[in-house]
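Reading through the structure tokens given below for one structure.
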Amino acid sequence: MKRSFWVFAPMLLLANTDDLAGDEAGADPIPLSTASAQDFVPGGWYLERSVVGDLNADGLSDIVLIMRQNDPKLLIDNEGLGRDRYDSNPRTILVALKQSDGGYLRIAQNDQIIPVISSATMDDPIGDAGDGSLSLVKGVMRLRIGFWASAGAWQMFNRTFSFRLNDRRLRLIGYDNYYVHRGSGELKTTSINYLTRRKKSQNGSIEDTHVPEVWSKISRKPLILFDNIGDGFDFDPDRN
């Protein structure tokens, strides 16, 4: 059973760069514009993953970067359950538009949406960041994160956030959540289209051969800015 949907829409908007010049990742400020993608990476960080695509329909290849801090002190040794060592270095996602002169202009950044690994039993929320967790296709940027722990938690879930330029800012237009309780077999799915304000929910069990779909309308709210979404594990569409 396919439990998610995507929203596609053409983008003809330009980026708004107001209020971005002061953003930082770690100690070094990230520049507003650069000649190359690598030039966005601050000292003490490294480029973990990048994808390209046309975000604003101008025919140029825009970029989305996942950058990660490289602090040895945040490599945690563990003598209990789980891995012998885990990496608690944080990540940040940066979005930049390609310019006609060949450089890039930063339009959005989020330092929290990818959760930090906080336990030796917790899987990496985006794995190796090369399995499709991040994409930029047909003007829509998608980030998929997942939670699974070998001990200490029964729940497991994956969430996909979909964004596109809207009113010159990168905003959340779609949210999909697939949740399973490994003990009881409880199954919950949620798919929200913030543009049409329609929500699809399913509640059942992994043993069910068919889980009914329930459609509803959500209240009209301003679309959430990519920059303003906090920890992706804490996101709650009923509150945000």
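Here the structure is a predicted model, which is why all the values come from computation and not from measurement. Atom set for the values below is all heavy atoms of this structure, side chains included, hydrogens, waters and symmetry mates excluded.
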Inset, instruction - State which residues pass ring pair (Phe, Tyr, Trp, His ring centres under 6.0 Å) with Phe226; sequence neighbours excluded, sorted by chain then number. - result: Phe163
Legend entry - Donor-acceptor pair, side chain of Arg68 and main chain of Asn89, under 3.5 angstrom: yes
Legend entry - Separation between CG of Asn193 and OG of Ser162, rounded to the nearest 0.5 Å: 9.5 Å
Inset, instruction - Just jot down the side-chain contact (heavy atoms from CB on, under 4.5 Å) partners of Asp231, sequence neighbours excluded, or say none. - result: Pro115, Phe233, Asp234
Inset, instruction - Rounded to the nearest 0.5 Å, what's the gap from OH on Tyr46 to CE on Met67? Could you check? - result: 12.0 Å
Legend entry - Step-by-step side chain to side chain contact (heavy atoms under 4.5 Å, CB included) determination, Ile206 to Asp208: CA-CA 6 Å; Ile206 57 174; Asp208 295 337; over 6 Å; no
Inset, instruction - Please name the pair of heavy atoms, one in Ala151 and one in Thr121, separated by the smallest distance, quoted to 0.1 Å. - result: O-OG1, 3.3 Å
Legend entry - Hphob cluster co-occupancy, Leu165 + Leu223, side-chain heavy atoms under 4.5 angstrom: yes
Inset, instruction - Supply the atom-to-atom distance Leu187 CG to Ser205 OG, rounded to the nearest 0.5 angstrom. - result: 7.5 Å
Legend entry - Atom CG of Leu81 with >12 non-hydrogen neighbours under 6.0 angstrom: no
Inset, instruction - Establish, for the pair Arg198 and Trp215, whether the NZ or CZ atom is under 6.0 angstrom from the six-membered ring centre and no further than 45 degrees off its axis. - result: yes
Legend entry - Donor-acceptor under 3.5 Å (Arg83 side chain, Met122 main chain): yes
Legend entry - Validation row: Ser88, Val116 side chains within 4.5 angstrom (heavy atoms): yes
Inset, instruction - Would you please name every residue forming a salt bridge (Lys or Arg N to Asp or Glu O under 4.0 Å) with Asp236, sequence neighbours left out? - result: Arg239
Inset, instruction - Salt-bridge test for Asp71 and Lys73: reply yes if a basic N is under 4.0 Å from a carboxylate O, no otherwise. - result: yes
Legend entry - Leu136 reachable from Leu225 in the ILVMFWY side-chain graph, under 4.5 Å edges: no
Inset, instruction - Under the side-chain contact (heavy atoms from CB on, under 4.5 Å) rule, collect the residues that match up with Glu186, sequence neighbours excluded. - result: Tyr179, His181, Ser184, Lys188
Legend entry - Distance (rounded to the nearest 0.5 Å) between Asp238 CG and Ile218 CD1: 9.5 Å
Inset, instruction - Quick one: closest heavy-atom pair of Pro237 and Tyr194, and the distance? - result: CB-OH, 3.6 Å
Inset, instruction - Name all pairs fulfilling the side-chain hydrogen bond (donor to acceptor under 3.5 Å, both in side chains) condition that reach into residues 29-44, sequence neighbours left out, sorted by first residue then second. - result: Ser36-Asp39
Legend entry - side chain to side chain contact (heavy atoms under 4.5 Å, CB included) evaluation trace for Met141 with Leu170: CA-CA 9 Å; Met141 185 190 91; Leu170 192 65; 4.2 Å; yes
Inset, instruction - Would you list the pairs meeting side-chain hydrogen bond (donor to acceptor under 3.5 Å, both in side chains) in which at least one residue belongs to residues 216-226, sequence neighbours left out? - result: none
Inset, instruction - Verify, without hydrogens or angle tests, whether Asp62 (side chain) and Leu55 (backbone) share a donor-acceptor contact under 3.5 angstrom. - result: yes
Inset, instruction - Check whether any side-chain N or O of Asn78 sits under 3.5 Å from a backbone N or O of Gly80 as a donor-acceptor pair, and report yes or no. - result: yes
Inset, instruction - Output the distance between atom CG (Leu47) and atom CD1 (Ile66), rounded to the nearest 0.5 Å. - result: 9.0 Å
Legend entry - Rounded distance (nearest 0.5 Å) linking atom CG of Asp84 with atom CD of Glu79: 9.5 Å
Legend entry - Thr92 (side chain) donor-acceptor with Asn110 (main chain) under 3.5 angstrom: yes
Legend entry - Thr160 side chain near Leu143 side chain, heavy-atom distance below 4.5 Å: no
Legend entry - Test side chain to side chain contact (heavy atoms under 4.5 Å, CB included) applied to Arg142 and Phe161, step by step: CA-CA 6 Å; Arg142 298 187 186 90; Phe161 300 84; over 6 Å; no
Inset, instruction - May I ask you to decide if Val211's main-chain N or O and Gln202's side chain share a donor-acceptor pair within less than 3.5 Å? - result: yes
Inset, instruction - Looking only at non-hydrogen atoms, find the nearest pair between Trp45 and Gln69 and report the distance. - result: CE3-N, 3.1 Å
Inset, instruction - State, to 0.1 Å, how close Lys199 and Thr190 come at their nearest heavy-atom pair, and which atoms those are. - result: CE-CG2, 3.8 Å
Inset, instruction - Locate the shortest heavy-atom distance separating Ile126 from Arg91; write the atom from each residue and the value. - result: CD1-NE, 3.5 Å
Inset, instruction - Determine, using the 4.5 Å side-chain heavy-atom cutoff (strictly less than), whether Leu195 and Phe235 are members of one ILVMFWY cluster. - result: yes
Legend entry - same_hphob_cluster(Ile224, Ile114) at 4.5 Å side-chain heavy-atom cutoff: yes
Legend entry - Lys/Arg N to Asp/Glu carboxylate O, Asp227 vs Arg171, below 4.0 Å: no
Inset, instruction - Please check if any side-chain donor atom of Gln109 sits under 3.5 Å from a side-chain acceptor atom of Asp111, or the reverse. - result: yes
Legend entry - From CA spacing to verdict: side chain to side chain contact (heavy atoms under 4.5 Å, CB included), Ser191, Asp176: CA-CA 4 Å; Ser191 293; Asp176 298 274; 2.8 Å; yes
Inset, instruction - Tell me whether the guanidinium CZ or amine NZ of Arg159 lies under 6.0 angstrom from the six-membered ring centre of Phe157 and within 45° of its axis. - result: yes
Inset, instruction - Can you see which heavy atom on Ala96 is nearest to which on Tyr104, and at what distance? - result: CB-CB, 4.0 Å
Legend entry - Side-chain (Arg182) to main-chain (Ala153) donor-acceptor, under 3.5 angstrom: yes
Inset, instruction - Identify whether the distance between the nearest side-chain nitrogen and carboxylate oxygen of Arg85 and Asp77 falls below 4.0 Å. - result: yes
Inset, instruction - Is it possible for you to say whether Trp154 and Val180 belong to one hydrophobic cluster, with membership spreading through side-chain heavy-atom contacts below 4.5 Å? - result: no
